Amino acid sequence: MRVHPLAVSWTILTASCLQSPTTASPEADATMAPSLEQSSAAERIGEAAQAAYEHTFHFVVVVDDDGNDAGGGWQSATATLSFVTWRGILPYYFTCPLEVGMPMRSRVHGRISPAYAARITAEVATDVTDSLEPEQDWQGRGVVFCAELRERMKKQLHEAPYQVPATVKRP
Amino acid sequence: MTRSELLEVVYRFYPRDLWVDSPGYDETPERHRRVTAARRGASEYPTWQAMLGRLRLRYWIHDLSLHILGGSVDCAYAVQLGVRAAEAEEAACPDRPGFRLSSGCCVSLLGPYYVVLPAGSPDEAPRDLAREIEATYRGYQPIPPEIGTVVVPDVALDDRALGRATVYDCLLSTWPWLPLRPQRG
């Protein structure tokens, strides 16, 4: 029994994204901190996977970074990931709504642009889905899958190579 | 503070035997109470911010509660506390402050509880942090690990399956940087 994302490669079939009233400016994306661009996390995966998911997680500014402290600001993206598993010819569809949040600047990375946030979230969503998929028969157990997906995404974002204090919640 | 008292608080804010993605979850009174508590956390944010302002005079800090201001439903404020790293370390990374994570805490929005880590550390920072919390939030108490790590088997969180959430998870945090639960086998 396999879990398939309903479109682009593994993870995400459809993604409906909600935006909070304050939106990050295009300039913010264009001025990604060099330290992040060169990070091992960004280099670790192929460009094809990055491209697929950068369009799924649209990070917007929740609280601006005031430039003080070891880290600051907050940005988040809301998306609904859709999956399907098959038992014979019968499909089982389920969705996992996600709200991923992370600072706009962290002590490890310096500035975290919305584009970088989208890319690492997409990487992690893909990795975690790939790891979860063969573990169990998810037929009829979408709610369990979603809880596991959020827990593992959060954990992976906190660990190397990402090391981002992120939240992964249900919106 | 007893285990049964804390479980009573947990069940006031989390419906039993219901997954967060199950139909009807958002309509439960427990979920409504949690949303109300998070909104109150946002409106009372200035108190938390003032405490961080005092800590900022002595430590590097990273406030990890800003999402609550944005309307996200969470169960606690959280902050990481750091001290200046060694000069050599700082020189190697001149564009960023020499921050070494030394402590952290969560202050619950669901009841008068908090946790400071690392507990039992010889460093001054955790004790200093606990003093500051208790001066700011009168009557708040730390949840000891022997109660905090108790599993609440019939409660699910956004990122915890049924059978996996602990009292700490429900009332304080599921932040991975706070080692509040036994590692998964």
Side-chain angles (χ1 to χ4, degrees), chain A residues 20-22 33-35 60-66 68-76 78 80 94-111 141-159 163-171, chain B residues 18-23 25-26 31 38 42 45 52-53 55-56 59-75 78-85 93 95-101 104 156-165 169 173-178 181 183-184:
Chain A
S20 57
T22 314
S35 60
V60 296
V61 177
V62 175
V63 178
D64 262 325
D65 180 12
D66 60 10
N68 296 322
D69 298 332
W74 196 259
Q75 56 190 326
S76 73
T78 305
T80 300
F94 63 95
T95 59
C96 296
L98 300 178
E99 176 194 299
V100 181
M102 63 182 73
M104 301 182 68
R105 183 171 45 84
S106 78
R107 64 189 171 87
V108 174
H109 287 298
R111 184 168 180 276
R141 304 178 67 240
V143 293
V144 188
F145 184 94
C146 294
E148 288 284 345
L149 176 70
R150 295 188 195 103
E151 178 173 359
R152 294 193 195 186
M153 281 183 65
K154 185 173 181 177
K155 186 167 183 289
Q156 194 164 321
L157 283 165
H158 280 73
E159 292 173 346
Q163 295 182 277
V164 173
T167 58
V168 182
K169 307 171 66 62
R170 193 178 70 106
Chain B
L18 200 57
W19 295 85
V20 297
D21 294 289
S22 297
Y25 184 90
D26 285 342
R31 167 74 178 178
Y45 203 81
L52 298 189
L55 290 166
R56 192 176 281 121
Y59 303 97
W60 288 103
I61 66 166
H62 189 178
D63 180 11
L64 292 171
S65 319
L66 292 173
H67 58 294
I68 294 169
L69 282 179
S72 188
V73 179
D74 211 336
C75 63
V79 66
Q80 290 179 327
L81 230 63
V83 294
R84 277 195 167 278
C93 194
D95 59 333
R96 292 199 286 270
F99 180 103
R100 180 173 61 79
L101 185 63
L157 310 183
D158 290 3
D159 56 354
R160 291 284 187 274
L162 278 174
R164 299 235 323 111
D169 292 336
S173 167
T174 58
W175 283 108
W177 55 269
L178 285 173
R181 65 198 329 276
Q183 291 300 303
R184 213 170 175 179

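Just so it is clear, the model here is predicted, and its values are computed rather than measured. Hydrogens, waters and symmetry mates play no part in the numbers below; they use all other heavy atoms, side chains included.
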Task: Non-hydrogen atoms of Ala147(A) and Trp19(B) that approach each other most closely - done: CB-CZ3, 4.1 Å
TODO: Answer yes if the side chains of Lys154(A) and Thr174(B) hold a donor-acceptor pair under 3.5 Å, and no otherwise.
DONE: yes
Open item on the list: Rounded to the nearest 0.5 Å, what separates atom CG in Leu52(B) from atom CG in Asn68(A)?
Closed with: 12.0 Å
Task: Contacting region of Pro165(A) [heavy-atom separation from chain B under 4.5 Å] - done: both
Open item on the list: Using 0.5 Å steps for rounding, measure from the CG atom of Asp159(B) to the NZ atom of Lys155(A).
Closed with: 12.5 Å
Task: Toward chain B, the part of Val143(A) with a non-hydrogen atom under 4.5 Å - done: both
- [ ] Measure the NZ-CG distance between Lys169(A) and Asp74(B) for me, rounded to the nearest 0.5 Å.
- [x] 4.0 Å
Open item on the list: Rounded to the nearest 0.5 Å, what separates atom CG in Asp21(B) from atom OG1 in Thr95(A)?
Closed with: 7.5 Å
Task: Minimum heavy-atom distance Trp60(B)-Asp69(A), with the two atoms named - done: CE3-C, 4.3 Å
- [ ] Nearest 0.5 Å please: distance from the CZ atom of Arg160(B) over to the CD atom of Glu148(A).
- [x] 9.5 Å
Open item on the list: Under the side chain to side chain contact (heavy atoms under 4.5 Å, CB included) test against Trp74(A), which residue among Leu69(B), Asp63(B), Leu64(B) passes?
Closed with: Leu64(B)
TODO: First locate atom CG of Asp158(B), then atom CG of Leu149(A), and finally report the distance between them rounded to the nearest 0.5 Å.
DONE: 12.0 Å
Task: When Gly70(B), Ser72(B), Ser22(B) are compared by non-hydrogen pairs under 4.5 Å with chain A, the top option - done: Ser72(B)
Open item on the list: Looking at every non-hydrogen atom in both residues, tell me the closest pair between Ser106(A) and His62(B) and how far apart they are.
Closed with: CA-CE1, 4.3 Å
